[in-house]
Amino acid sequence: MSVDYEALKKDRAQEWRENLRKSIPAKERTQVERVKMPENEPLKRNKNFNEVNKGLSEEQAIIEAKRCLDCPTPTCISGCPVNIDIPGFIKQIEKGDFLESAKVLKDTNALPAVCGRVCPQENQCELQCIYNKMKKPSVAIGHLERFASDYERNTGKISIPEVLKSNNIKIAVIGSGPSGLTFAGEMCKLGYEVTIFEALHEFGGVLVYGIPEFRLPKKIVRAEINSLEKMGVKFVKNFIVGRSAGLDELKDQGFQGFFVGSGAGLPRFMNVPGENLVNIYSSNEYLTRVNLMKAYKFPEYDTPIIKAKRVAVIGGGNTAMDSVRTAKRLGADRGAIIIYRRSEQEMPARIEEVHHAKEEGIEFLILTNPVEYIGDSEGKVKQIKVQKMELGKPDESGRRRPQPIPGSEYLIDIDIVVVGIGTSPNPLIPQTIKGIDVTRWGTLVVNEETMQTSIPYIFAGGDIVRGGATVILAMGDGTKAAESAHKYFINK
Amino acid sequence: MYKVIEKTILSENVAKLIIENKTIAKNRKPGQFVIIKMGEIGERIPLTIADADPEKGTITIIVQKVGTSSHKLFNLNAGDHISDLVGPLGQPTEVEKVGTVIAAGGGVGVAPLYPIAKAFKEAGNKLITILAARTKDLIILENEMKEFSDEFMIMTDDGSYGKKGLITAGIEEIINREKVDMVICLGPAIMMKFIALLTRKHNIHTIASLNTIMVDGTGMCGACRVTVGGKTKFVCVDGPEFNAHEVDFDEMLKRLNAYKKEEETSYSKYLKDLK
Ligand SMILES: Cc1cc2nc3c(=O)[nH]c(=O)nc-3n(C[C@H](O)[C@H](O)[C@H](O)COP(=O)(O)OP(=O)(O)OC[C@H]3O[C@@H](n4cnc5c(N)ncnc54)[C@H](O)[C@@H]3O)c2cc1C
Ligand SMILES: Cc1cc2nc3c(=O)[nH]c(=O)nc-3n(C[C@H](O)[C@H](O)[C@H](O)COP(=O)(O)OP(=O)(O)OC[C@H]3O[C@@H](n4cnc5c(N)ncnc54)[C@H](O)[C@@H]3O)c2cc1C
Ligand code: SF4
Ligand code: FES
């Protein structure tokens, strides 16, 4: 997507905005300190599932909004995968018009309350903010995004985007993760009859089964889904495309176009000895039990989870951080440990999550890798044999490749292990759609400009195309795919 | 929401439910299963599709109450609704005409064995059914299975009904008597383990349908994993049926017991709340 700088310039030239800019000198704006997100106290919050970040107050948000210089060439926008009009929404906050600010966000981002919480802003918009050049902390764009969208939701004045008259073209979306939801919203606006099919009993994909309540309350996802429902998107749960019914059957029902947003839900294991011992979970199982099935409320809820004092989580991404912080909350007070084979610098998790994890008492065992699990007589894991690693030369990903140090193995006593080293695409869809092109990693092949697969009426995006990526990239794919699907149907 | 159309109590602990679901009724094949979740607090539990009527758009399941969730399901009546029902899941049984087939079921395994045994009979095989339990009261689906079996045998550990002895003794008796082309077994992991050991000795192809613990049933979590032929397999997508001679039953047995304590907590709470 390219940034429409002309349109941005026009907006920026509006009188109210010019006046607002002039009301405080830039120099003074840059003297203001970056806002600190109010958080629940680490040693209390690590015992419950309430959201960690409390959100900015109106005063805090307005002060933070004043820091933004409303740059003539806002570099931040180029860092945002969906090119949100960042100064546009921030200046509405400074002006005090929070609902209008939320509207600006929604022009390009269907799920701002989600993105404000889970996007890695430090690598995106905030990395590109001009403040970095001044060696100062960037504007807290993510916190402000969250503020405006929460304000809108909390006041109950959620604006439902306008929808064109139906063109009677039926479109099926496979999977209700961020890419599918975004695609559905965009197509619905254009007048298509959109139905989302979801395999699980709740909508939202990773947002409901993976990312924990303490980071992304489920009611937020539900509110976004309600908005889409109000726009006219149909939602069908408990429906696995390829099992409940195949693509041909859906075509018979009149669906003419498809979007595959089925994600990367297949857990990866490391194939080290002992990995199938009792109490070794994939992060997907651990988090699904806790988030989707609410096992943290067992026995009030029927799904159980093993609560233990010592838990090790293998991996260094968001999934691993979410798992280890969940373990802590479930009572791992004799050690909730991250075991990661590279160093902290290489950890793919959001910085805020690593920071929060440390505050909550998570231990980090870096440059360490499990080589074997040892069980007791009941087949329950009791020890991990780990090996120390050192960093060698950079690999394809540009990160230095970890190498084992011979003879460095030792044992760690443990009650539960969660393997959080990543996921692969679920093979079901690639297998069930005859003739669709698949890469050797099991992802779908698409034209990067159009998100069109090798079958012209099937579009795809999100993790089924990228492998494990991010919410915002999945959403960007959904938007792009909707634009090109629309073109496809117009020209057809 | 999926409506329960009909309920038949088959024995003290076993009920047959006919449930509305057009899509599954139309597309299911023998050996496949569904996942059911009842209400907001419910867990997701796997149940074999015992039968289906594509015209009426219904499926049949047979449930034996063993804990909280199966008990909840057992307690449903015609007219009640099930909030979540998804399927068909798993690979269908490869039903073929092979000759003489022994269907051996024990404990909770008898309910899911029923549709598989029936399918083998319908494919033209000679079907010998052997059901086993600790004691007489625990024998289920006797009449239902007898109806389509060419030969039918019951074994109890204590001799209170049928023949006294373990299921393996019954199977061995038949193997010694006539040529058996295939054995299908379904039941406690320990039972399947010993059946597999026996039939390997006699070199008889044996299929075990594995009832591992599941969460999603779609290949997303790995809760259902077992080692088969030295490789990790997910029962919900690669199975539920595998070559019994390759399954690591000891591992499966241990994994099935993973939540023993929690299951007891949950069930005693449920029974208390029922009162
Ligand atoms: C624990 C965890 C934490 C994460 N944290 C972050 C974070 O902080 N920030 C961030 O940006 N990203 C994060 N990510 C990554 C991000 O969540 C994903 O990149 C994103 O959700 C991918 O979106 P998607 O649209 O591809 O679909 P997904 O969210 O993967 O959802 C796909 C959906 O499709 C359904 N489905 C699959 N197959 C079928 C079928 N055949 N029929 C019907 N439905 C089907 C699935 O059940 C699922 O609901 C995290 C991921 C995990 C696992
Ligand atoms: C593919 C598949 C098909 C199945 N088909 C049927 C069916 O048609 N009819 C039926 O009655 N049951 C079937 N089961 C078993 C059924 O899913 C379990 O009995 C049920 O999940 C138990 O839940 P619960 O809460 O009632 O009991 P829990 O409290 O979970 O368990 C109570 C007792 O049952 C044992 N148990 C728990 N889960 C299982 C399991 N999956 N297999 C065997 N024992 C278990 C426990 O070890 C415990 O001793 C099937 C299981 C699988 C995997
Ligand atoms: S680069 Fe920073 S200061 Fe400039 S417009 Fe964007 S957020 Fe505001
Ligand atoms: S039940 Fe989750 S992968 Fe099989």
Side-chain angles (χ1 to χ4, degrees), chain A residues 198-202 209-210 236-240 242-246 249 262-269 271 274-289 292-295 297-307 375-380 419 423 426-428 431, chain B residues 2 21 23-24 26-28 32 34-35 37-45 67-69 72 83-90 213 215-227 231-232 234 237 248 250-263 265-270:
Chain A
E198 169 56 51
L200 295 171
H201 59 268
E202 279 202 43
Y209 80 73
V236 178
K237 61 177 181 167
N238 297 316
F239 195 106
I240 308 176
R243 288 247 180 240
S244 308
E249 218 175 310
S262 55
L266 196 74
R268 256 188 252 147
F269 288 96
N271 293 320
E275 210 170 21
N276 291 346
L277 285 167
V278 177
N279 294 347
I280 300 186
Y281 291 91
S282 73
S283 53
N284 262 9
E285 180 185 355
Y286 196 68
L287 293 171
T288 299
R289 281 181 182 271
L292 183 69
M293 307 309 298
K294 307 217 171 58
K297 294 187 184 167
F298 178 86
E300 183 198 334
Y301 277 68
D302 290 340
T303 305
I305 184 96
I306 303 293
K307 297 181 180 171
D376 66 11
S377 59
E378 291 177 64
K380 292 184 174 155
V419 182
T423 52
N426 194 322
L428 181 63
Q431 276 167 15
Chain B
Y2 307 91
N21 189 309
T23 329
I24 302 178
K26 184 167 156 212
N27 291 324
R28 75 100 203 190
Q32 288 188 303
V34 291
I35 292 259
K37 175 175 179 284
M38 286 163 284
E40 159 72 16
I41 64 166
E43 71 180 326
R44 296 170 66 98
I45 59 163
T68 307
S69 304
K72 276 188 187 173
S83 56
D84 298 286
L85 171 61
V86 61
L89 303 167
I213 289 174
V215 182
D216 58 298
T218 67
M220 195 189 92
C221 76
C224 62
R225 66 195 193 275
V226 286
T227 305
K231 291 208 178 78
T232 294
F234 286 7
V237 288
D248 183 343
D250 291 329
E251 176 189 280
M252 181 185 152
L253 196 65
K254 287 171 182 154
R255 290 189 62 83
L256 267 177
N257 285 332
Y259 294 96
K260 205 95 212 164
K261 214 175 78 206
E262 288 73 16
E263 283 158 2
T265 309
S266 166
Y267 200 27
S268 52
K269 178 179 177 290
Y270 174 73

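Computed from a prediction, not measured in an experiment: that's the story for all the values here. Residue numbering restarts at 1 for every chain, and letters A, B, ... go by the order of the sequence lines.
A 6.0 Å sphere centred on NZ of B:Lys261 holds no more than 12 heavy atoms belonging to other residues, nucleotides or ligands.
If you measure heavy-atom distances from B:Arg28 to chain A, you find no contacts under 4.5 Å at all. Proximity to chain A (any heavy atom under 4.5 Å) is shown, for B:Leu256, by neither the backbone nor the side chain. When heavy atoms are compared at a cutoff of 4.5 Å, A:Asn276 approaches chain B by way of both its backbone and its side chain. Residue A:Glu275 touches chain B through its backbone alone, counting heavy-atom pairs closer than 4.5 Å. There is no contact between B:Tyr267 and chain A, counting heavy-atom distances below 4.5 Å. Proximity to chain A is limited to the side chain of B:Asn27, based on heavy atoms less than 4.5 angstrom apart. The contact between B:Thr227 and chain A is made by backbone and side chain atoms together, counting heavy-atom distances below 4.5 Å. For B:Tyr270, no part lies near chain A; criterion is any non-hydrogen pair under 4.5 Å. Proximity to chain A is absent for every atom of B:Leu253, based on heavy atoms less than 4.5 angstrom apart. Only the side chain of B:Lys26 comes within contact range of chain A, with at least one heavy atom under 4.5 Å from a heavy atom of that chain. Looking at B:Arg255, the atoms closer than 4.5 Å to chain A (heavy atoms on both sides) sit in the backbone and in the side chain alike. Heavy-atom distances place no part of A:Tyr286 under 4.5 Å from chain B, backbone and side chain included. No part of A:Leu292 comes within reach of chain B, as not one of its non-hydrogen atoms sits under 4.5 angstrom from that chain. Using a 4.5 Å cut-off between heavy atoms, A:Ile280 contacts chain B through both its backbone and its side chain.
Neither side chain, B:Glu43 nor A:Tyr301, offers a donor N or O lying under 3.5 Å from an acceptor on the other.
No other option in B:Gly42, B:Ser69, B:Gly222 has as many heavy-atom pairs under 4.5 Å with chain A as B:Gly42. Of all the listed residues (B:Asp250, B:Thr232, B:Thr265), the one sharing the greatest number of non-hydrogen pairs under 4.5 Å with chain A is B:Thr232. With respect to chain B, the highest number of heavy-atom pairs below 4.5 Å among A:Ile306, A:Ile240, A:Val419 belongs to A:Ile306. The most heavy-atom pairs under 4.5 Å with chain A, out of B:Glu40, B:Lys72, B:Lys231, come from B:Glu40.
Here the closest non-hydrogen pair linking B:Pro88 and A:Ser244 is CD-CA, 4.0 Å. Taking each heavy atom of B:Phe234 and A:Leu266 in turn, the nearest pair found is CE2-CD1, 4.5 Å. In terms of heavy-atom proximity, B:Ser83 sits nearest to A:Lys237 at O-NZ, 4.1 Å. Pairing each heavy atom of A:Phe298 with each of B:Glu262, the nearest pair is CZ-O, 3.2 Å. Smallest separation of non-hydrogen atoms from A:Glu285 and B:Cys221: CB-O, 3.5 Å.
Of the possible donor and acceptor atoms, one in the side chain of A:Asn284 sits under 3.5 Å from a partner among the backbone N and O of B:Met220.
With contacts defined as side-chain heavy-atom distances shorter than 4.5 Å, the pair A:Leu200/B:Lys37 does not qualify.
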What's the verdict on side chain to side chain contact (heavy atoms under 4.5 Å, CB included) for A:Tyr209 and B:Asp216, showing C-alpha distance, side-chain angles and the deciding distance?
CA-CA 11 Å; A:Tyr209 80 73; B:Asp216 58 298; over 6 Å; no

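With values rounded to the nearest 0.5 angstrom, B:Asn257 atom CG is found 8.5 Å from A:Lys380 atom NZ. Summarising the geometry, atom NZ belonging to B:Lys254 is positioned 8.5 Å from atom CG belonging to A:Asp376; distances are rounded to the nearest 0.5 Å.
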